[in-house]
Each structure stands twice: as structure tokens, then as C-alpha cells.
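Here's the structure, in C-alpha cells; my notes come after.
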Amino acid sequence: MNTHLKEYEPIVGTQILEELYLLAEKAKGWSVQNINSTSVGGGVAEILNRMIPLLQELGVKARWDVIKGGEKFYKVTKKFHNALHGKAEDISPDDFTAFLETGEMNCKTMELAGDIIFVHDPQPITLINRKDDHKGKWIWRCHIDVSNPDQRVWSFLRPFIDRYDSAVFSAPSFGQELPIRQFLIAPSIDPLSDKNKDLPQETIDLVLQKYHLDLAKPMVTQISRFDYLKDPLGVIDAFEIVQQHVDCQLVLAGGEATDDPESTEVLTKTRERAQANPDIHVLAIPSGSDIEINALQRASSVVVQKSIKEGFGLTVAEALWKAKPVVASAVGGITLQVTHKYSGLLSHSVEGAAYAIKQLLQNPDYAKRLGENGREHVRQNFLLTRHLRDYLLVFLSLFHEGDIIHL
Ligand code: UDP
């Protein structure tokens, strides 16, 4: 579904669109090549899918390419991902070699075509080795919470990062000591996408029926890839405490990302853990089922994001945009979105999450107020139009280092 910028005006107001058109005047005709490691699954693909057509509408020649890699490479990059989030991982010299080998293969085969090469996350980072033969500006965007990275992996990546022209991080606390310019840009959601647009109640009910959910029972939901860092087992622990006080059902819905080899194992473990409890529904939903995810979020009484680490957590913004009360761990980019007791409840443990979920289920008025505050916070800060403006400003600044950019 393609939307046009004009359609955002009733949601975000006139001023932000005017700013976008002004900035785009200066960026018109530039080509920007985004490169990441998967076209489906996860937040990066989610954002690029929506961002590219709007950049094109603004006159920027935006394209998106995906690197290639085998099973071994993605096993290693998943370890890197976890380690950068601060999780202990056993990474062998052979793993580093495998990373470099696939990087070299991609360096040889990737067609580079952009005034700006915009590389996302660590998987394609070694493409910077092509900097000498591809002039233009190079940006590395890190979507991970690197506030406390494993030093071995971080030092391994540093020589690559240092050669980029600029780095982009999602939250102030992720900023690093680097010799290059850094920008802090939070991710965003698209209010007009299938994932986030309004839905008729009938559509929502049909999705609930499809997945054999009880239309009458309060629903607690976590939408996430099946990943240990999303803590699905912890969500079940919290839910089972809540269940002792409130009759409700839990939905854990997630798909697989092609660059995440751990998801099958986590899904299996989650299913095993949930098996004995008929009120827990573990749903493996194919990627691209945006209306279904939207419907599940809208049908929820409480949306949970009990991540152990989180770069940003688009799922939180998606829930808040739907004015849902959210219970989320106080980690990484989630804290940009949820202000405790104002736009949701933050938790630090299974018991804390359980207490917060119970409180919201038992106090619908309070829950409603938090949800409404959350929606306004997302409108002001985390919609795609703001993200587009930030990107255009970064692009401009790359070519006008030290200049003041006049809008
Ligand atoms: N998502 C989805 N289907 C799923 C699981 C997740 O469409 O089965 C979407 C979710 O709605 C969100 C994105 O994938 O838009 C996940 O982004 P987030 O920042 O929450 O986490 P990441 O997966 O990038 O760690």
C-alpha cells in the first residue's frame, strides 16, 4: 500500500510537511542507497519499507539492497547482535573470520549506487572497505542498544565504524566516543501503514476468530520475534501471576526474521512452556501479516514488551499509537517512549511486570489515560514524517559540514 505525503497532514499538521518539502528542495536528485541484511522481519525492514517510497516522492532517489549470507554468517551476526546488547556470547576466532569472509564476498558483489551509502547495523558494516572505489558519503546506522557493548565485538567493529563519515544511534545513551560525527535519531512508525491504520471492529474480530482467541476475555499481548532478548518466557511467568487474580488470555505472536537463526529454538521453547496453559496462545505469524498484527494490538487490553534489551522497540510505539496501555521493561529505547505512570508502566522484573499488568486490567480508566497520553507522545515524536525530516537533515549536513542549514 503506497501512501502520499499529503495524507499525513491531518495527523501531523501542516508545518512538518512544509519543512519536509523545503528540505527536499535541497536534497532533490540525490541518490541514497540503503543496505541491510533482511528485507522481512524486524524493525529495520519495517522502517525501510515505509521510508523508501516517501523519500522517492520527495525527489530523493532512494533504493534498498540486502546483503547475502549463509547460515554460518547469520549465526555469527546474531552472536554479535546479542553481544553488542551486552549479552555474554562465546565468539571464536573462526566466527570473526566467517564474518569477514562473507563481508568480502558482499564487497565484491554488491552494486554500489548512491551519493549516500546508508548501511544499517553490523551485518553489512565491512562494505566500508569499498569507500575508496565508491566516492560519496557513508553513514552507519546502529539500531542496537550499544550503551554497554561487549568490548571484544565492539573493538572488532570499531575500525570499520571509524571509516564512515557519520554514525546514527537511536538514543542519547547509545552514543559512543568516535572520531566521526554522530547523530541521534529515534526510529518511527507509519500511522498510515497496514500495521497501524484504523481497522473496522469486524476485521479485528475475524482475526481473533482465526486464531481461536476468546473475544470476551481480556487479552494481554506481546508481539515480537521469538528471541531470548524479547523474553517470551518471562512474559509467560508474569502472565501466570496475573492469571491468579484476573481471568485473561495471553497472546505471544511473532514471526521469523531471515537473519535470525535462533528464532525456531526460542519458538519451540516458548511453545513447550505454554503447552499446559490453555489461556496462552503462541502464534507463529508469517511476515507481512500486518493487518493481523494490527488487529491483535487493537484487540489487546494491555500490550507488553518485556525485552531484556531493546534498541527502540517499534512494537511499543505501535501499541501506544493505538492508545493501548503498555507495560514494558525499562531498557534501551523503550524509555524514550514510556514515561512511567504517564504514557505506560515500566517494569524491572517478572513480578513488576505482573503487578503492572494486573493494575491496568483492574483499572480501565487509568489504563485508558495512559494509552491516550502514549498516543499523543508518539504523534509528537515517533511518526515517520519526523524521521524523514531527520534523515534529510543528516543527508544535507554531510554535504555542508560546518555550515548552518537554512530552511
Ligand atoms: N513484527 C511483525 N510480525 C511479527 C513480529 C514483529 O510484523 O510477527 C513487527 C513489529 O510489529 C514491529 C517490528 O516487527 O514493527 C519489530 O520491531 P522492533 O523494533 O519492536 O523489534 P526488532 O525485531 O527490530 O528487534
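We count ligands from 1, going down the list as the structure has it; atoms in each ligand are counted the same way.
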inquiry  = Heavy atom to atom 4 (C) of ligand 1, shortest distance: which of G255, S307, G311, S287 holds it?
reply    = G255

Using a 4.0 Å cutoff against the non-hydrogen atoms of [X], which atoms of ligand 1 qualify?
X: E46; value: 15 (O)
X: K195; value: 2 (C), 7 (O), 9 (C), 10 (C), 11 (O), 15 (O)
X: G313; value: 19 (O), 20 (O)

request  = Classify the angle between the aromatic ring planes of H387 and Y391 as parallel (below 30°), tilted (30 to 60°) or perpendicular (above 60°).
outcome  = tilted

Could you tell me whether some N/O pair between [X] and ligand 1 is separated by less than 3.5 angstrom?
X: Q297; result: no
X: T315; result: yes
X: G43; result: yes
X: I223; result: no
X: L314; result: yes

inquiry  = Taking a cutoff of less than 4.0 Å between a non-hydrogen atom of the residue and any ligand atom, is K230 in contact with ligand 1?
reply    = yes

query = Can you tell me if CD on E202 sees more than 12 non-hydrogen neighbours from other groups inside 6.0 Å?
reply = no

Could you check, using the six-membered ring where one of them is a Trp, whether [X] and [Y] have ring centers closer than 6.0 angstrom?
X: F174; Y: F312; value: no
X: H120; Y: F118; value: yes
X: H377; Y: F382; value: yes
X: F99; Y: F156; value: yes

message = Give me each pair satisfying ring-ring contact (aromatic ring centres under 6.0 Å, His included) with a member in residues 197-229, each pair once, sequence neighbours excluded.
response = none

request  = Please list, chain by chain and in numerical order, all residues satisfying salt bridge (Lys or Arg N to Asp or Glu O under 4.0 Å) with K72, sequence neighbours excluded.
outcome  = D94, D95

task = For ligand 1, note which part of E318 has a heavy atom under 4.0 Å away: side chain, backbone, both or neither.
result = side chain

